[in-house]
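Only one structure is covered here, and it is reproduced in the block below.
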Amino acid sequence: MSEEKSLNFIEEIVEEDIRAGKHNGRVHTRFPPEPNGYLHIGHAKSICLNFGLAKRYNGKTNLRFDDTNPVTEDTEYVESIKDDVCWLGFEWANELYASDYFDIIYGFAMSLIKQGLAYVDDSTAEEIAAQKGTPTEPGTANQYRSRSIEENVQLFEEMKAGKYPDGAKVLRAKVDMASPNMHMRDPIMYRIKHAHHHRTGDKWCIYPMYDFAHGQSDAIEEITHSICTLEFIPHRALYEWFIEKLEIFPSRQYEMARLNLTYTVMSKRKLLQLVNEGHVDGWDDPRMPTISGLRRRGYTSASIREFCDRIGVAKRENLIDVGLLEFCIREDLNKTAWRRMAVLDPVKLVITNYPEGQDDILHGENNPEVEGGEGGRDIPFSRELYIEREDFMEVPPKKFFRLGPGLMVRLKHAYIIKCEDFVKDADGNITEIHCSYIPESKSGQDTSGIHVKGTIHWVSVPHAKTAEVRLYDRLFKSEDPSAEEGDFKDDLNPNSLQVINAFVEPDLATALPGKGYQFLRKGYFTLDKYSTAEKLVFNRTVTLKDAWAKEVKKG
RNA sequence: UUUCCUGUGGUGCAACGGUAGCACGUCUGAUUUUGGUUCAGAAGAUCGUGGUUCGAAUCCAUGCAGGAAAACCA
C-alpha cells in the first residue's frame, strides 16, 4: 500500500483526464498491430502499457488489426498475434479490424470531398514527391488541387468502382502545401490497389492510408488514449485535423519511445529478412526477439511482463541492456524451474572403490527454493559417471574448487570423492578420471566430517539418456546492429547457435513441454518444439550467473 | 541548416522550486551440498553558459549534443 510507485507520463495524463472528468472518466485503449509480421518484445512493451492502463483504470482495450495494406498482410500473422497477446496474459475487449470500417471511412472521405477538403490527384508518385518540397523548402500545388467538388466526387466514385489502374489516381487531403510539417502537405488518403484483401476479399480496390484509417478507427471505437511510438509525432497534427474536419470522436494520440534491446534488431522488415533468407529457423527461432521466439527459447510470460514493467515508459530514445531481460527470466525460473542434472561436455569418471555392477538410487528435490522442494526424483548412481570436462584440471589454479589430482569435491546429491589418478590419450586429452569415494559422506547422512568447497553435477553412465542441446548466444555481434555501417546482416554472430549432444539424467526423458528446467550449474533449459520421445531436444533459455567465469576472465 | 522530440551514474527509470532515489550492471564481503539463490556493503550521475529565486535536475534565455520528419508502408 505504501510503496506508491511513481507514475509514468502516460499514466499521469490518464489520471489527469480522469480527474478532469474527460469522457466521464472512461479509459479505452487499443493495441493496433498490422498483420504483416510476428510480434516482438517491443510490441510486448506496448501491449503491457495499453492493457495495463485499462486494467489499472478500470477500462478496456481493443485488439485492432491495422489491415489497410492487403499486399503485405496475411491471416497467418493475425493468428500468431492473437496467440501471442493471449500468451502474454491479456484479454481484449473486442477483436476488431480497420477493414471492418472501410465503408465508414469511405464515407468520411466523401464528406471531406464535399467540404472541399479533399481532391483527386492524377500525378504519379514521383510527381507528388517532387511537389512535396523538402523539410526546408515548401511544397507547391498542382493543377488537380483546384478541381471542383463535383468532379472530385465523380472521380473518387470511379476510383472505387475500379475504373482506374493501380497508381493512376490518389485521393489527397487539401491541407497546406507550405506547412513546415511535411505530413500536412496534402497527404494521400486513398490509393488504388487491385489486390485481394485477407478479410474483404475483392470488394475494394481502393484502400485508405494509415493516416486516414488509424485515427478514424480510434474515433469509431471511441478510443480515449491512442498510444503510439515517437515516429508518429509529426502525424499528430494531421490526426487532429481529420478529427476536427470530420467532427468525430476526439481520440487523442500520445507518443512514447519504442523499445530497443542490445544485440538485436527490432524492425519487422529486418526480422522478416532474417526469416526469408534463412538466417534463422523461422519467426519463432529462439534467437529472435519475437514473442514466439522467446517463448520457444523458454522465456515465461511473467518474466516478459516483469521486464516491461522494469524498463518504464518515457519519451527519450533508449537502448536497454539485454542483461535486464536475462535477469528477469532468471529471477522467475529460479523460483519455478525444476532442478535436474545434465552433462554438456562429458568426460568419464570411475569410482575405483565402488563395486562394479552396483546401482544406488539417490534422491534429489525438484526445487530447493520452495519449502518441501516440490517433491523430487530418483537419481541412479553407479561406478561410472560422466562429469563436465571443465570440472577437472590437471594443473588447477588457486581458488579452483573442483577436481584435480588429489583434490576432493562433492558429487551433488551423492558422495564426496577424491581424485586419485587420470588417464590421457596420445594427444594429451583427459579421457578418464579415477576417484575414490567416501561411503559415509552420502548426502543427507554425512558422518564423514569432511568439508569440501566445491560441488559438481554428474550423470551415471549406464543410466544416462542422450539429448540434443541447443546453446544460444546473441544473434548479433555488436550492441546496436542497426547503427553499424553497411548491411545489418554483416553483423550477424556466426556462433549464435551451437548444437551439442549431452548426457542427461533419466528423469528428463519425461520432461514436460513448456516447463523450465535448471540443469544444475549450467543454466535454464526447456524442451524445443522439435523434441520427440525418441530424440530429446532442449533449448538453453539462459545461463546461470557464473562468478567463476568472471574470475577466470579477470585472470 | 526548416519544424518537432529528447538530454540525470555504464544502462533504464524516478525526483513535478526544497537532502538527487530505485533497479540492472560493476566491485567488496558473508552464507551456501548449484562458483546459482540469499544477505550485508561500496563506487558511480543532473550537457555547457547566463539569468529568475532564500533555494534550480526542475522555470527562462542561449549554446551544444542526440534523434525524428520528404514511402500510393504502418
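Chain letters run A, B, ... following the sequence lines, proteins first, then strands; residues in each count from 1. As the structure is a computational prediction, the values presented were derived from the model and not from experiment.
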Tyr38(A) and Trp283(A) aromatic ring geometry - parallel, tilted or perpendicular at 30°/60° bounds: parallel
Sugar-phosphate only, base, or nothing, as touched by Val452(A) at under 4.0 Å among non-hydrogen atoms: nothing
Nearest listed nucleotide, side chain of Asn69(A), among rA14(B), rC73(B), rG12(B): rC73(B)
Sugar-phosphate, base or nothing in reach of Ala125(A), heavy atoms under 4.0 Å: base
Touch class at under 4.0 angstrom, heavy-atom based, for Ser123(A) against every strand present: base
Any residue meeting side-chain hydrogen bond (donor to acceptor under 3.5 Å, both in side chains) with Glu485(A), in chain and number order, not counting sequence neighbours: none
salt_bridge(Glu505(A), Arg377(A)) N-O dist < 4.0 Å: yes
Residues Asn142(A) and Ser123(A): side-chain donor-acceptor under 3.5 angstrom: yes
Sugar-phosphate, base or nothing in reach of Tyr415(A), heavy atoms under 4.0 Å: nothing
Sugar-phosphate only, base, or nothing, as touched by His214(A) at under 4.0 Å among non-hydrogen atoms: nothing
Proximity to the side chain of Trp548(A) - top-ranked nucleotide from rG67(B), rA70(B), rG35(B): rG35(B)
Any Arg269(A) side-chain N or O less than 4.0 Å from OP1/OP2 of rA74(B): no
Thr136(A) side chain, from C-beta outward: closest of rA74(B), rU1(B), rG36(B): rU1(B)
Touch class at under 4.0 angstrom, heavy-atom based, for Ser179(A) against every strand present: nothing
Euclidean distance for C1', rU53(B) against rC5(B) (whole angstrom): 29 Å
Among rU8(B), rG36(B), rC72(B), the nucleotide that comes nearest once only the side chain of Ala547(A) is considered: rG36(B)
Tyr239(A)-Asp218(A) side chain donor-acceptor pair, cut-off 3.5 Å: yes
Per Pro135(A) side chain, nearest of listed nucleotides rU34(B), rG67(B), rA69(B): rA69(B)
Nearest-neighbour nucleotide for the Ile320(A) side chain, rG35(B), rG12(B), rC72(B) considered: rG12(B)
Of the listed nucleotides rC73(B), rG35(B), rC72(B), the one nearest the side chain of Glu34(A): rC73(B)
Phosphate-side-chain proximity, Arg521(A) and rG36(B), N/O vs OP1/OP2 below 4.0 Å: no
Which nucleotide in rA74(B), rC72(B), rA70(B) has an atom nearest any side-chain atom of Met182(A): rA70(B)
Salt bridge Arg147(A)-Asp121(A), side-chain N to carboxylate O under 4.0 Å: no
Touch class at under 4.0 angstrom, heavy-atom based, for Leu319(A) against every strand present: sugar-phosphate
Short side-chain N/O contact from Lys412(A) to OP1 or OP2 of rG36(B), under 4.0 Å: no
Aromatic Tyr119(A) / basic Arg172(A) pairing, under 6.0 angstrom, 45° off normal: no
Reading 5' to 3' through nucleotides 16-32 of chain B, protein heavy-atom contacts under 4.0 Å coded B for base, S for sugar-phosphate only, - for none: B------SS-SSS----
Touch class at under 4.0 angstrom, heavy-atom based, for Pro368(A) against every strand present: base
Sugar-phosphate only, base, or nothing, as touched by Asn181(A) at under 4.0 Å among non-hydrogen atoms: nothing
Lys/Arg-Asp/Glu bridge criterion (N-O < 4.0 Å) met for Arg19(A), Glu12(A): no
Sugar-phosphate, base or nothing in reach of His235(A), heavy atoms under 4.0 Å: base
Consecutive Watson-Crick or G-U pairs in runs of at least 3, all under 3.5 Å, in which RNA chain B is involved: B:2-7 with B:64-69, B:10-13 with B:21-24, B:26-30 with B:38-42, B:47-51 with B:59-63
Selection from rA69(B), rU34(B), rG35(B) that lies nearest to any side-chain heavy atom of Arg339(A): rU34(B)
OP1 or OP2 of rA15(B) under 4.0 Å from side-chain N/O of Ser6(A): no
Asn334(A) side chain, from C-beta outward: closest of rA69(B), rU6(B), rU37(B): rU37(B)
Arg191(A) vs rA74(B): side-chain N/O to OP1/OP2 distance below 4.0 Å: yes
